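Letters go in sequence order (proteins before strands), and every chain restarts at 1. Below, all heavy atoms of this structure are taken into account, side chains as well, without hydrogens, waters or symmetry copies. All values derive from a computational prediction rather than experimental measurement.
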There are 2 protein chains.
Amino acid sequence: MSRRCVITVGDLGEFGVVARIARRLPQGESVLLGPGDDAAVVKAPDGRVVVTTDLLIEGRHFRRDWSSAYDVGRKAAAQNLSDIAAMGAIPTTLVVGLGMPADVPVEWVDGLADGFRDECALVGASVAGGDIAGSELVVIGVTALGDLAGHAPVTRSGARPGHVVAYAGRLGYAAAGLALLGAGIVPADGPLLEAVEAHRRPRPPYGQGPEAARLGATAMLDVSDGLLQDLGHVAEASGVGISLDPAAFPVGEPVAAAAKELGTDPLDWILTGGEDHALAAIYPPEVRLPPHWTVVGRVSDGANVKVSGRATGPGGWDHFRA
Amino acid sequence: MSRRCVITVGDLGEFGVVARIARRLPQGESVLLGPGDDAAVVKAPDGRVVVTTDLLIEGRHFRRDWSSAYDVGRKAAAQNLSDIAAMGAIPTTLVVGLGMPADVPVEWVDGLADGFRDECALVGASVAGGDIAGSELVVIGVTALGDLAGHAPVTRSGARPGHVVAYAGRLGYAAAGLALLGAGIVPADGPLLEAVEAHRRPRPPYGQGPEAARLGATAMLDVSDGLLQDLGHVAEASGVGISLDPAAFPVGEPVAAAAKELGTDPLDWILTGGEDHALAAIYPPEVRLPPHWTVVGRVSDGANVKVSGRATGPGGWDHFRA
């Protein structure tokens, strides 16, 4: 006979897990009908709703030995809330599908739910519903909804020659942290730990999404696959070229410290590292940008993204080829 | 040297697969901005949006050797569109996250997309966006949005003693088909094939959801885990008892044929079989129901669901305990 000390999701069963998660998730003011029915009902005061979805797979997008359940929840929420912000919208609601093996401790699920709750709280959103399924690996399907509050969505196709390229948020931090973990370095404190924390838990500049819409941004996206690759989508969708000035990018202290530790050029992480969920936006040249936007380039005729005048490869991350 | 005859998703890469899928998915009139940006923008004319999500995992919810890609797409769409209908709403849009191994043939993905397209077309909805990820198993995260068109959502909590219980759609068909496949029977035609087809591709009575809202249904849900278990949710949420009359259930020819083939009581499948996505609704006794609604029971004081006056066990499907 063995003494069982860990309660698993298999012990609680599907409905037990659902009830336990729902108790940890306060409902925001956008939610008219929350968990417990066939579907949730959410306010859409603008008469339009912005919607995005992401699938996170254990071993591909997160590792349970590298990130806590709480951090996985924060990150899963963040990358979807950030996609809403990148349209110039205000995130209102998430729904979450969670697949997992029966032997996952319920404490892990508690941590995940708390991570979702706390990341949502940063923008006044909440988890309005979800689905639980059995799975060999932990799989998280997240869908975020948002409200445009009367503004036109900021797409990828509005960049015009003469406009400027700016970003808000952080670049290269998460890539630096991932590289440290990959090299077996688990820092206890200081800037290296800050880099690892940035990998575990991005800090998207949510408020700058709707701000960019108000300021008149002509294109915007969330930097999730690397700045070069993501701006390549803007260049293609807008039919323009984009030139970046590498000297214009500040190098954060954690990025600089990690680059020194691993003997790498920090600009590689800044230009091709994903997962920080900075916002990259294109503005007409006359727009006066608040100081948290850093101008790093210009839009021109032509095609593709150039750095110091040189064409760049695709860079970034391809989920099947990498 | 081997000659490669099958193009895989790994050959096309993430963006190639996304572009290929997007070309197969026409955008409905609810979609203001479709695939290709950080998020989609969808009409929400009612000022509210109904949202539901499901996660389908290969080996748990479908098998690639038992169902074609097209049927998996039809079924994945159906179960989410049905959840929207079960609130009394009209489905408008899906977003889909798709995780899969690099060796999946692109033809499989084509079939899946076509299945989503055709099931959505039944209700005038469309796939407005999605996400592609690498995964060891095929994983499909589906989120559906819908419009209430001015009606109150029909929840699970409005059943009152004296009301009647009715259902629209099919019961027991999919369970009969699954039992045949599980017994190694692969029928070529006739009612047994019809049962297997019902497992592969449910036919939810979508239009009856908004119809029930108009008729004044006081509670409704999609029968996905089995009628007994699902009506148990209504009994609990409404604080009532529900009594079913087993003689009131018509036994479909495919269900009867499969039961005869396997020596089973067809009522087991009708009462506990999931995945047909019938709609079960509760109506005040004075409502005159159209003929596609079959009255099968009554709401009473008390608790739980009784069949012929006898209390029932939980039945149905628990994703961790089954």
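For the set A:Val139, A:Val42, A:Ile140, the entry with the most heavy-atom pairs within less than 4.5 Å of chain B is A:Val42. Among A:Asp46, A:Leu148, A:Asp230, A:Thr155, the residue making the largest number of heavy-atom pairs under 4.5 Å with chain B is A:Thr155. The candidate with the highest count of non-hydrogen atom pairs below 4.5 Å against chain B, out of A:Gly141, A:Gly146, A:Ala40, A:Gly97, is A:Ala40. Contacts with chain B were tallied for A:Asp38, A:Thr52, A:Asp54, A:Asn80; A:Asp38 has the most, counting heavy-atom pairs under 4.5 Å. Contacts with chain A were tallied for B:Val95, B:Ile57, B:Asp37, B:Asp83; B:Asp37 has the most, counting heavy-atom pairs under 4.5 Å. Counting heavy-atom pairs closer than 4.5 Å to chain A, the top-ranked of the candidates B:Ala144, B:Gly36, B:Ala44 is B:Ala44. Your options are A:Leu33, A:Thr93, A:Val51, and the one with the most heavy-atom pairs under 4.5 Å with chain B is A:Val51.
Residue-environment remark: CD (B:Glu236) stays at or below the threshold of 12 foreign heavy atoms within 6.0 Å. Atom CG of A:Asp110 sits in a crowded spot, with more than 12 heavy atoms from other residues, nucleotides or ligands closer than 6.0 Å.
Put simply, the side chain of B:Ser135 never gets that close to the backbone of B:Gly99: no donor and acceptor are under 3.5 Å apart.
Atom NE2 in B:His61 sits 9.5 Å away from atom NZ in B:Lys75 (nearest 0.5 Å). Atoms CG and CD, on A:Leu32 and A:Gln27 in that order, are 10.5 Å from each other to the nearest 0.5 Å. With rounding to the nearest 0.5 angstrom, the CD1 atom of A:Ile84 is 8.5 Å from the CG atom of A:Leu94.
Between A:Arg64 and A:Pro101, the shortest heavy-atom distance links the atoms NH2-CG, 4.5 Å.
Heavy-atom distances place both the backbone and the side chain of B:Leu221 under 4.5 Å from chain A. Only the backbone of A:Val96 comes within contact range of chain B, with at least one heavy atom under 4.5 Å from a heavy atom of that chain. For A:Leu137, the part sitting under 4.5 Å from any heavy atom of chain B is the side chain, from C-beta outward, and nothing else. There is no contact between A:Glu58 and chain B, counting heavy-atom distances below 4.5 Å.
Of the N and O atoms on the side chains of B:Ser30 and B:Thr92, not one donor lies less than 3.5 Å from an acceptor on the other residue.
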